[in-house]
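Structure first, commentary second.
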There are 2 protein chains.
Amino acid sequence: MSPETQATFRALADPTRRAILQTLTAGERTIAEVAGDFDMTRAAVKKHLTVLSDGGLITVTPRGRERLNRLNPKGFAPVRDWLSFFDQFWDDRLDALKTAIEEDDTHD
Amino acid sequence: MSPETQATFRALADPTRRAILQTLTAGERTIAEVAGDFDMTRAAVKKHLTVLSDGGLITVTPRGRERLNRLNPKGFAPVRDWLSFFDQFWDDRLDALKTAIEEDDTHD
DNA sequence: CTTATATGATACTTTTTGGTATCATGTAAA
DNA sequence: TTTACATGATACCAAAAAGTATCATATAAG
């Protein structure tokens, strides 16, 4: 598996980080702004933002002495792709089941 | 967020556990059989299976002195649902962009 | 320039996690 | 019943993760 995929799943494992992603749907936020929504120090929030960035889920752009954090839609692809593997698997199983029923001479 | 969702994302955070899920696409497996595919003790694999079960990603059914572990397609729903929240968000943003362009009188 | 502020960086603590080893228990087989 | 085997359970260890506190640095504002 790609290290990229691991970083993404790792980033999503923490409830605070998933909550941060949801707050960012409202638009870009500086580190201090994001920290304002959570009951922990700015340093802790910054760590979470770093993990989210490592996982490709957000992008960080400097603006003066601030850092703007925003969602990176493309970063969700590894999760979607991973899920689609199982979707495909289940679709195939369903098709096989249908075929088996259709070819089954014992049904009346 | 539901504790269920947290347990699911937590279960997916470990590469060994994601690999176990993939091996189970080939069909149900006992604990010992799953352990045979990995370079760690059976006890360690069993722990991973417990985490996967807690996350609803597999079901475990006793058969004699064995435990059959199999994929639980429904267990993936929390992840799919969580992703769909962002998909919806991005769809809306795209729609808004389209509308803005269509209503923009300044384009020639 | 001086000061205030947003962030970077480091060190440290506590908790969680992934793993091993060991022994107990329940079921199958002889 | 006796033995073998698959699993359950517990204790323990090491590494990673989550969080805090503190200080350094860079930029905006006066």
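Bear in mind that the values here come from a model prediction, so they are computed numbers and not experimental data. Order of the sequence lines sets the chain letters (A, B, ...), proteins ahead of strands, with each chain counted from 1.
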Determine to 10° how strongly the helix from C:dC1-D:dG30 to C:dA30-D:dT1 is bent, judged from the axes of its five-pair ends.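 That helix has its two terminal axes inclined by roughly 30°.
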Side chain to side chain contact (heavy atoms under 4.5 Å, CB included) partners of B:V79, counting only residues at least two apart: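 Per chain and number, B:V79 pairs via side chain to side chain contact (heavy atoms under 4.5 Å, CB included) with A:V79, A:L83, B:T8, B:F9, B:L12.
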For A:F85, enumerate each residue passing the side chain to side chain contact (heavy atoms under 4.5 Å, CB included) test, keeping only those at least two apart in sequence or located in another chain.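 Expected list: B:Q22, B:T25.
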Contact interval (first through last nucleotide) of DNA chain C with protein chain B, 4.0 Å heavy-atom: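 Taking any atom under 4.0 Å from a heavy atom of chain B, the span is C:dT17 to C:dA28.
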Does anything in residues 54-66 of chain B come within less than 4.0 Å of DNA chain D? Heavy atoms only, and list the residues if so.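 Contacts with DNA chain D under 4.0 Å: B:R65, B:E66.
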Residue list, salt bridge (Lys or Arg N to Asp or Glu O under 4.0 Å) with B:R80, at least two apart or on another chain: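 Salt bridge (Lys or Arg N to Asp or Glu O under 4.0 Å) list for B:R80, sorted by chain: A:D87.
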For A:E66, all residues meeting salt bridge (Lys or Arg N to Asp or Glu O under 4.0 Å), sequence neighbours excluded: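 Once residues adjacent in sequence are excluded, the partners of A:E66 under the salt bridge (Lys or Arg N to Asp or Glu O under 4.0 Å) criterion are A:R63.
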Under 3.5 Å: donor-acceptor pair, side chain of A:Q6, backbone of B:A13: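 Yes; judged by distance alone, with no hydrogens or angles, the pair exists.
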Closest-nucleotide 5' rank along DNA chain D - winner of A:T16 and B:I31: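 Upstream on the strand: B:I31.
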With a 4.5 Å cut-off on side-chain heavy atoms, are B:W82 and A:L21 touching?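 With C-beta onward as the side chain, the pair touches.
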Hey, are the side chains of A:V34 and A:L24 touching, using non-hydrogen atoms and a 4.5 Å cut-off?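 They are in side-chain contact.
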Look at all strands and tell whether A:A32 reaches a base, only sugar-phosphate, or nothing, counting heavy atoms closer than 4.0 Å.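 Result for A:A32 = sugar-phosphate.
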Could you give all pairs that pass the side-chain hydrogen bond (donor to acceptor under 3.5 Å, both in side chains) test and reach residues 34-54 of chain B, with sequence neighbours left out?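 Every pair satisfying side-chain hydrogen bond (donor to acceptor under 3.5 Å, both in side chains) with a residue in residues 34-54 of chain B: B:R17-B:H48.
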Taking only N and O in the side chain of A:T41, is any of them less than 4.0 Å away from OP1 or OP2 of D:dG19?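 Indeed not, no polar side-chain atom of A:T41 lies that close.
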What is the distance from CZ of A:R42 to P of D:dA21, rounded to the nearest Å?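 From A:R42 CZ to D:dA21 P: 12 Å.
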Could you list all N or O pairs between the protein and nucleotides 15-18 of chain D that sit under 3.5 Å apart?
residue	atom	partner	partner atom	Å
D:dA17	OP1	A:R10	NE	3.4
D:dA18	OP1	A:D14	OD2	3.4
D:dA18	OP1	A:R17	NH2	3.2
D:dA18	OP2	A:R10	NH1	3.3
D:dA18	OP2	A:R17	NH1	3.2

Are B:V60 and B:I20 co-members of a hydrophobic cluster defined by side-chain heavy atoms under 4.5 Å apart?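 Looking at the clustering, B:V60 is in the same group as B:I20.
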Joint hydrophobic cluster, B:I58 plus B:I31, side-chain heavy atoms closer than 4.5 Å: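 Linked within one cluster.
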Side-chain polar contacts of residues 68-78 of chain B - donor-acceptor pairs under 3.5 angstrom, sequence neighbours left out - could you list them?
residue	atom	partner	partner atom	Å
B:N69	ND2	B:R29	O	3.1
B:N69	ND2	B:R67	O	3.3
B:R70	NE	B:E28	OE1	3.2
B:R70	NH1	B:T61	OG1	3.3
B:R70	NH2	B:E28	OE1	2.5
B:N72	ND2	B:G56	O	2.9

